[in-house]
Number of protein chains: 2
Amino acid sequence: MSKTKRTPTSDAVAILHRRYYEGRPERLAALEEARANDNVARKITTLRLQTGLTQRQLAKLVGTTASVICRLESADYEGHSLAMLQRIADALKQRIEIRFVPASKRLQHV
Amino acid sequence: MSKTKRTPTSDAVAILHRRYYEGRPERLAALEEARANDNVARKITTLRLQTGLTQRQLAKLVGTTASVICRLESADYEGHSLAMLQRIADALKQRIEIRFVPASKRLQHV
DNA sequence: CATCATGTTCGCATATTTGAGAACATGCGT
DNA sequence: ACGCATGTTCTCAAATATGCGAACATGATG
């Protein structure tokens, strides 16, 4: 990726990512901080920021509005549906993985 | 700019898969979603059977009825909500893990 | 200060999921 | 054949998520 001449791309996500992060270390720092968390809301936020999208941009990709994205990224929002997560994952070129793991796996607040 | 030479194959499934999905991101997305739904449905069924429960028993634990469980275990059901998955996971002493993974991660052909 | 981009919250209409009960199909053991 | 457990499908009401626009707060920039 250190070529002087950039690889031409039609990938909107890549373009936006470049535009948002290039030469802006503080934004990357904010990203690092968010990475530690693991609830769905934060995952969406983290992924969106990693991709360099604003809420409105992601909303457009997903086919909804900014207020909906904001709602989904709210930490206390419990109403996620798999359908919406899929739509978001698609927009961010990800896929969803859902696993059931035994509850007694030492990761809990014991 | 299409490849003039394709990797030869005698795999009819692969041929049809290619013919149907190549360059059709919408279809790929639909496939992904269908696969995810199927996985979730099957995971619930597997987990329920491993625990030795009938649909009605699990329904009671979850606080709903057998028809709902049956619906959730149907492969083509797309209406999963995280709230319901959580309830099922709780009843089966599991916890839900949701991950976004890059879509380019070599989707194994089906 | 003025303007713009961004995130946020609110309200309400629409769409979708859930809750529940009934009915039916199948298999299994008596 | 019968009874019974299990899974399945159907229909409806109720609960919940989404769609969408408006308005507001804040920070950055001209």
Side-chain angles (χ1 to χ4, degrees), chain A residues 12-13 15-31 33-34 37 39-92 96 98, chain B residues 29-30 33-34 36-38 40-92 96 98:
Chain A
V13 169
I15 293 173
L16 289 167
H17 175 76
R18 218 161 48 202
R19 183 173 305 164
Y20 194 76
Y21 279 105
E22 221 166 39
R24 267 161 269 219
E26 74 282 359
R27 282 174 176 167
L28 287 169
L31 193 64
E33 183 201 5
N37 302 296
N39 63 55
V40 173
R42 286 183 196 270
K43 279 179 179 175
I44 294 176
T45 304
T46 301
L47 214 51
R48 175 175 63 80
L49 293 178
Q50 279 178 350
T51 316
L53 295 172
T54 67
Q55 290 182 339
R56 280 174 176 77
Q57 289 169 327
L58 175 58
K60 189 159 211 169
L61 284 180
V62 169
T64 181
T65 57
S67 59
V68 172
I69 300 297
C70 181
R71 189 162 49 197
L72 293 173
E73 290 186 2
S74 168
D76 59 327
Y77 182 70
E78 299 283 339
H80 299 282
S81 74
L82 231 49
M84 180 56 86
L85 292 186
Q86 286 283 357
R87 287 166 59 189
I88 295 195
D90 288 345
L92 298 176
I96 297 284
I98 294 176
Chain B
E33 188 175 346
N37 289 333
D38 181 67
V40 171
R42 209 179 329 214
K43 279 175 182 173
I44 294 176
T45 303
T46 300
L47 218 50
R48 176 176 62 81
L49 293 178
Q50 280 177 354
T51 318
L53 295 173
T54 67
Q55 289 184 339
R56 280 174 177 77
Q57 289 171 329
L58 175 58
K60 191 157 211 171
L61 283 180
V62 169
T64 181
T65 57
S67 60
V68 173
I69 300 297
C70 181
R71 188 163 49 196
L72 293 174
E73 291 185 3
S74 166
D76 60 325
Y77 181 68
E78 302 189 352
H80 299 282
S81 76
L82 232 49
M84 179 56 85
L85 293 185
Q86 286 284 0
R87 288 166 59 189
I88 297 211
D90 288 347
L92 297 175
I96 297 283
I98 294 178

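In the text below, chain A, chain B and the rest are named by the order of the sequence lines, each starting its count at 1.
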Nearest-angstrom distance from the residue atom CD of Glu73(A) to C1' of dT9(C): 14 Å

Whole angstrom value for the distance that separates P of dG21(D) from CD of Gln55(A): 17 Å

Atom pair CZ/NE2 of Arg71(B) and His80(B) - distance to nearest 0.5 Å: 11.0 Å

Out of dT6(D), dT9(D), dT9(C), whichever nucleotide has its closest atom nearest the side chain of Ser67(B): dT9(D)

Euclidean distance, atom CD1 of residue Ile44(A) to atom P of dG7(C) [Å, nearest integer]: 14 Å

Residue pair Glu78(A), Leu82(B): steps toward the side chain to side chain contact (heavy atoms under 4.5 Å, CB included) verdict: CA-CA 8 Å; Glu78(A) 299 283 339; Leu82(B) 232 49; over 6 Å; no

Distance in Å, Asp90(B) CG paired with Leu85(B) CG, rounded so as to fall on 0.5 Å steps: 11.0 Å

Difference in axis direction between the ends of the helix from dC1(C)-dG30(D) to dT30(C)-dA1(D), five pairs, 10°: 30°

Contact list for DNA chain D against residues 58-66 of chain B - heavy-atom distance below 4.0 Å: none

Minimum-distance pair of heavy atoms, taken over all atoms of Ala75(B) and Ala41(B): CA-CB, 4.0 Å

Interatomic distance where CD1 belongs to Ile69(A) and C1' belongs to dG21(D) [whole Å]: 16 Å

Pairs: protein N or O with nucleotides 23-28 of chain C N or O, under 3.5 Å:
none

Quiz item: Arg71(B) side-chain donor-acceptor pair to dG19(C) base, under 3.5 Å: yes

Compile the donor-acceptor pairs under 3.5 Å between side chains in residues 53-70 of chain B and protein atoms, sequence neighbours left out, one pair per line.
unit_1   : atom_1 : unit_2   : atom_2 : d
Thr54(B) : OG1    : Arg56(B) : N      : 3.4
Thr54(B) : OG1    : Gln57(B) : N      : 3.1
Gln55(B) : NE2    : Glu73(B) : OE1    : 3.2
Gln57(B) : OE1    : Thr54(B) : N      : 2.8
Thr65(B) : OG1    : Ser67(B) : OG     : 3.2

Chi angles and distances behind the side chain to side chain contact (heavy atoms under 4.5 Å, CB included) call for Met84(B), Ile88(B): CA-CA 6 Å; Met84(B) 179 56 85; Ile88(B) 297 211; 4.2 Å; yes

Spacing of Gln86(A) atom CD relative to dT18(D) atom P, expressed in whole Å: 13 Å

Pairs under 3.5 Å (N/O, protein and nucleotides 13-17 of chain C):
unit_1  : atom_1 : unit_2   : atom_2 : d
dT17(C) : O3'    : Gly79(B) : O      : 3.3

Rounded distance [0.5 Å steps], CG in Leu92(A) versus OG1 in Thr51(A): 4.5 Å

d(CD, Gln57(A); C1', dA5(C)) in whole Å: 10 Å

Between P of dT18(D) and CG of Leu82(A), the distance in whole Å: 11 Å

Ring pair (Phe, Tyr, Trp, His ring centres under 6.0 Å) contacts in which one or both residues fall within residues 41-65 of chain B, not counting sequence neighbours: none

